[in-house]
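Notes for the one structure printed next.
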Amino acid sequence: MTASALAAEPKRPEPLKSGIDFSGAEVRALQQDDFSSPAMLWITRGEKLWNEPAGKSEKSCAGCHQDARASMKGVSAKYPKVDPGTARLTNIEGRINQCRERNQQTAPLRYESDELLALTAYVGMQSRGVPVNVVIDPQNQRNFRRGADIFYTRMGQMNLACTHCHDRNFGRKLLNDTISQGHGNPYPVYRLEWQTMGSLHRRLRACFFGVRAELPPAGSQDLLDLELFLAWRSQGLIVETPGVRK
Amino acid sequence: MSVARLLVPPRAKRGELVEIRIAIQHPMETGFRMDNMGKVIPKNTVSNLVCRYNGTEVFRAEMGSGIAANPYLQFYIVARESGAVEFSWIDDRGEKGSASAVITVTA
């Protein structure tokens, strides 16, 4: 896809604001309290899984990566990233599953399973406070363009693009939600409406559903490309994993 | 795997009122929801949760369909002597969980 085919020139919202700034006081308080935040249950579980041997290798994540607080610091801020081995764009979920398959020699975890959410949140939390930091280069340029194209293209029965809500109307009410700028920096998040933790791809699917568009599967190329575009677009914000949302 | 987070102050003065907090990862299925195929998801809640302080029961909760997923409880006990604050619970499917912490009480 060439630049001229893009529906719009990629831009960041101004002023750049995290989704938590659009949340109510109760949700903000929960996200900030590391004990009361229900998301921390997944962190506890992620930490356990990190230290548990698995697969034919009988190695735990810690067996190779040691203390996540040191080895995983800043890692998720650079994702999604093109994996040098496969030359494919990979997010943290995908990278964890690669380690499960190649390094632990065991089955990948199902997208949206408690285990994958727990490990993703645990790895992600080690970047809490680190600025989102993806670099668009010749390797991921095509993914970036595709992601941007999805973001600016009208879709679904409601014929709306992501940009219509998250660039033009942030701060406004939609039913009983306040529309944010649509950043991925707190994911995975505990969403009170879901009563559980959810991935960024689950949230994105909810937005596709909202405009009555066909839903791309979690982990699909469309959502990965969109994830990369969103990360570029949120450059300037810090990682807030694990977030809490209404 | 049953996961919980427990917060008990590690130290307290004798007679002091101390705050105990526990969060348990549990779906708390109400029994009123249906899955994608329209089948009712059976009720499964943490029906019985007990807290013992040095072996003596100090708190009990029976939680049903009205409690949201991942229940979070907070209450106070009076610090009397050093020892263990132990929680145990069981859900409708018979799955058990436990968590404990030690508190040191000084004069």
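This is a predicted model, so every value here is computed, not measured. What you see below is based on every heavy atom in this structure, not just the backbone, and it leaves out hydrogens, waters and symmetry mates. A, B, ... follow the sequence lines: proteins, then strands. Residue 1 opens every chain.
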B:Arg5 side chain vs A:Asp34 backbone, donor-acceptor pair below 3.5 Å: yes
Heavy-atom pair with the smallest gap, counting every atom of B:Leu7 and A:Phe35: CB-CE1, 3.5 Å
Exceeds 12 heavy-atom contacts within 6.0 angstrom, atom CD of A:Glu214: no
A:Arg69, CZ: over 12 other non-hydrogen atoms inside 6.0 angstrom: no
Over 12 foreign heavy atoms within 6.0 Å of CZ, A:Phe209: no
Main-chain N/O of A:Leu41 paired with B:Gln25 side-chain donor or acceptor, under 3.5 Å: no
Nearest-0.5 Å distance, CD of residue A:Gln195 to OG1 of residue B:Thr30: 9.0 Å
Atom CZ of B:Arg93 with >12 non-hydrogen neighbours under 6.0 angstrom: no
Close side-chain approach of B:Val3 to A:Trp42, heavy-atom, < 4.5 Å: no
Inter-residue atom distance B:His26.NE2 - A:Thr196.OG1, 0.5 Å rounding: 12.5 Å
Any B:Tyr72 side-chain heavy atom under 4.5 Å of A:Ser36 side chain: yes
Heavy-atom neighbours of A:Glu26 CD exceed 12 at 6.0 Å: no
